[in-house]
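What follows is a short report on a single structure.
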Amino acid sequence: MSNLKNGGRPPLTYQSFVNIAGEPPEPVVEEYSVIPLIGDTGEYELFPVPKLEELGYGDISQEDVPLFRGGETEALKRMRESLQDKEWVAKFEKPKGDPSAFLKPATTVLSPYLKFGCLSSRYFYHCIQDVYMSSKMHTKPPVSLTGQLLWRDFFYTVSFGTPNFDHMKGNKICKQIPWKESEELFVAWRDGRTGYPWIDAIMIQLRRWGWMHHLARHSVACFLTRGDLFIHWEKGRDVFERLLIDSDWAINNGNWLWLSCSSFFYQYHRIYSPISFGKKYDPNGDYIRHFIPALKHMPREYIYEPWTAPLSVQEKARCIIGRDYPKPVVDHAAASKECRDRMGEAYASSRLGGGDPAIKGKKASNSRQRKVSEYAPDPSKSKQPKKSR
DNA sequence: TCGTTGTTGTATCA
DNA sequence: TGATACAACAACGA
């Protein structure tokens, strides 16, 4: 990589794009008046594809095998495999998928390919339509498979027309909520050490695979923000942006606004239980056992709440809570009650006009069913942040 | 002002 | 598996 003639700039390395904190630097923008011919690299020399070690990854041979081979060929193969099961396509309903299914995920897992442009969303849409044409009945948006593509475009549209979409402050559609500061709780969440196996397994899957089921994302996002820890959604957003292989600026920010009840969705008393939500799908805890080996031998009746297991059971399972696996960082019943109360106060304050002082005279409003024209860009406003990812 | 609606809550009961 | 109660939000439309 060092043989790059780069106009005197330092050579571009992985670390140039993503520093340790995960913050991408300002992208270098080149302007061309004419599209260069294929093969004409101008003053640049070709350099080989960097090795994983050069990208900062160590020995990954012992890791779980990543699910995602890159490229259009793989994307089309995956799409065709998914669409082959016509009944599954016709009956697809997003909220009904199983978030604990990891050997055979409950969704198409095409999001990384859509994100990187390996799969055309338009082509995908028409392929789904072809399946619908040959089916007697099919589900409809917003829950259907095409509905998922429409949500994607919804977030693109609203993010394009909303200044400061990726921040709470200065974002007129975002509830102003006095989130708590706690580095200790945040780090426990980020690193999968909350003591709630369902939450930790999801965060570990995120770190290992770069992907987890949509409802699993809901569980951990709710837990971090309005459900338990009351930590700012922007902190969780940053972690997802860094670790998700399908992370998309508009969709990621939109979903964090949604899940934290900061925008789009406001029923903050509906809180995902870090215990019973996962149990509903996977009562034996196979998903937890796979991603948290320390809990592999924990009996089924304690797998979601291992701190309630008698010491003799913990010893037999070779997992002492507090030593081999963390104690819960918060008590869910008390924490969620407190979160509800805080959200209620924040909402009451916003009703009384106490919002973001940066947005003078504009109520932080719901945008759920605003006219599409309201999302059109205002040329007088500053440019939307451009992400280089 | 009021009734309805909202992609994905939980616990309990039959 | 589906119905119901729970507690209760914002926004829309009549």
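Per chain, numbering begins at 1; letters A, B, ... match sequence-line order. All values derive from a computational prediction rather than experimental measurement.
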Discussion item. Please report the distance, rounded to the nearest Å, between CG in A:Asp341 and C1' in C:dA8.
Written reply: 13 Å

Worksheet item: Which nucleotide in the list C:dA10, C:dA8, B:dT10 gets nearest to the side chain of A:Tyr266?
Response: C:dA10

Discussion item. Counting only Watson-Crick pairs (N1-N3 plus N6-O4 or O6-N4) and G-U wobbles (N1-O2, O6-N3), all under 3.5 Å, who is the partner of B:dT7?
Written reply: none

Worksheet entry | Rounded distance (Å) that lies between atom C1' of C:dA10 and atom CZ of A:Phe264 | 13 Å

Response to the item:
A:Gln148 CD to B:dT8 P, in whole Å, measures 12 Å

Worksheet, complete the sentence: Here the distance between atom C1' of B:dT7 and atom CG of A:Leu259, to the nearest Å, is 12 Å

Worksheet item: When you check the phosphate oxygens OP1 and OP2 of B:dT10, does a side-chain N or O of A:Lys279 lie under 4.0 Å from one of them?
Response: no

Worksheet item: Is the centre of the A:Trp258 ring less than 6.0 Å from the centre of the A:Trp151 ring?
Response: yes

Worksheet item: Which nucleotide in the set B:dT7, B:dG9, B:dG6 lies at the smallest distance from any side-chain heavy atom of A:Tyr272?
Response: B:dG9

Discussion item. Going by centres under 5.5 angstrom and planes under 30 degrees, do the aromatic ring of A:Trp151 and the base ring of B:dT7 stack?
Written reply: yes

Worksheet item: So does A:Ser276 get a side-chain nitrogen or oxygen closer than 4.0 Å to the phosphate oxygens (OP1/OP2) of B:dG9?
Response: no

Practice prompt. In whole angstrom, give me the gap between the C1' atoms of C:dA8 and B:dT4.
Written response: 14 Å

Item to complete: Sticking with atom P, work out how far C:dA7 lies from B:dC13, rounded to a whole angstrom.
Response: 16 Å

Table please: side-chain donor-acceptor pairs of residues 329-343 of chain A below 3.5 Å, with sequence neighbours left out.
unit_1, atom_1, unit_2, atom_2, d
A:Asp331, OD2, A:Ala334, N, 3.0
A:His332, ND1, A:Asp228, OD1, 3.2
A:His332, ND1, A:Asp228, OD2, 2.6
A:Ser336, OG, A:His332, O, 2.7
A:Ser336, OG, A:Ala333, O, 3.3
A:Lys337, NZ, A:Asp341, OD1, 3.3
A:Lys337, NZ, A:Asp341, OD2, 2.8
A:Glu338, OE2, A:Arg342, NE, 3.0
A:Glu338, OE2, A:Arg342, NH2, 3.1
A:Arg340, NH1, A:His269, O, 2.7

Worksheet item: Once you round it to whole Å, what is the distance between C1' of C:dA8 and NE2 of A:His269?
Response: 4 Å

Fill in: Which nucleotide in B:dT7, B:dT8, C:dA10 has an atom nearest any side-chain atom of A:His218
B:dT8

Discussion item. In whole Å, I'd like the distance from the CZ atom of A:Phe223 to the C1' atom of B:dG9.
Written reply: 16 Å

Practice prompt. Under 4.0 Å between any heavy atoms, over every strand shown, what does A:Lys140 touch: base, sugar-phosphate, or nothing? Just pick one.
Written response: nothing

Item to complete: Verify whether one side chain among A:Ser350 and A:Lys175 offers a donor that lies under 3.5 Å from an acceptor in the other.
Response: yes

Worksheet entry | Nucleotide B:dT10, atom P - distance to CH2 of A:Trp198 in whole Å | 11 Å

Worksheet item: Which part of the nucleic acid does A:Glu93 contact within heavy-atom distance under 4.0 Å: base, sugar-phosphate only, or nothing?
Response: nothing

Response to the item:
Testing B:dT7, B:dT8, B:dT10 for proximity to the side chain of A:Pro142, the answer is B:dT7

Discussion item. Tell me the interatomic distance from A:Phe154, atom CZ, to B:dT8, atom C1', rounded to whole angstroms.
Written reply: 16 Å

Item to complete: Kindly assign one of parallel, tilted or perpendicular to the pair A:His218 and A:Tyr272, based on the angle between their ring planes and the thresholds 30° and 60°.
Response: perpendicular

Discussion item. Between A:Ser159 and A:Trp249, do the side chains contain a donor N or O and an acceptor N or O under 3.5 Å apart?
Written reply: no

Worksheet item: Can A:Tyr287 and A:Gln205 be counted as having a side-chain donor-acceptor contact under 3.5 angstrom?
Response: yes

Worksheet entry | Counter-base of C:dA8, judged by Watson-Crick or G-U geometry with both distances under 3.5 Å | none

Worksheet item: The side chain of A:Tyr347 lies closest to which of these nucleotides: B:dT8, B:dT10, C:dC9?
Response: C:dC9

Discussion item. Any strand counts, and the cut-off is 3.5 Å on both contacts for Watson-Crick or G-U wobble. Which nucleotide pairs with B:dA14?
Written reply: C:dT1

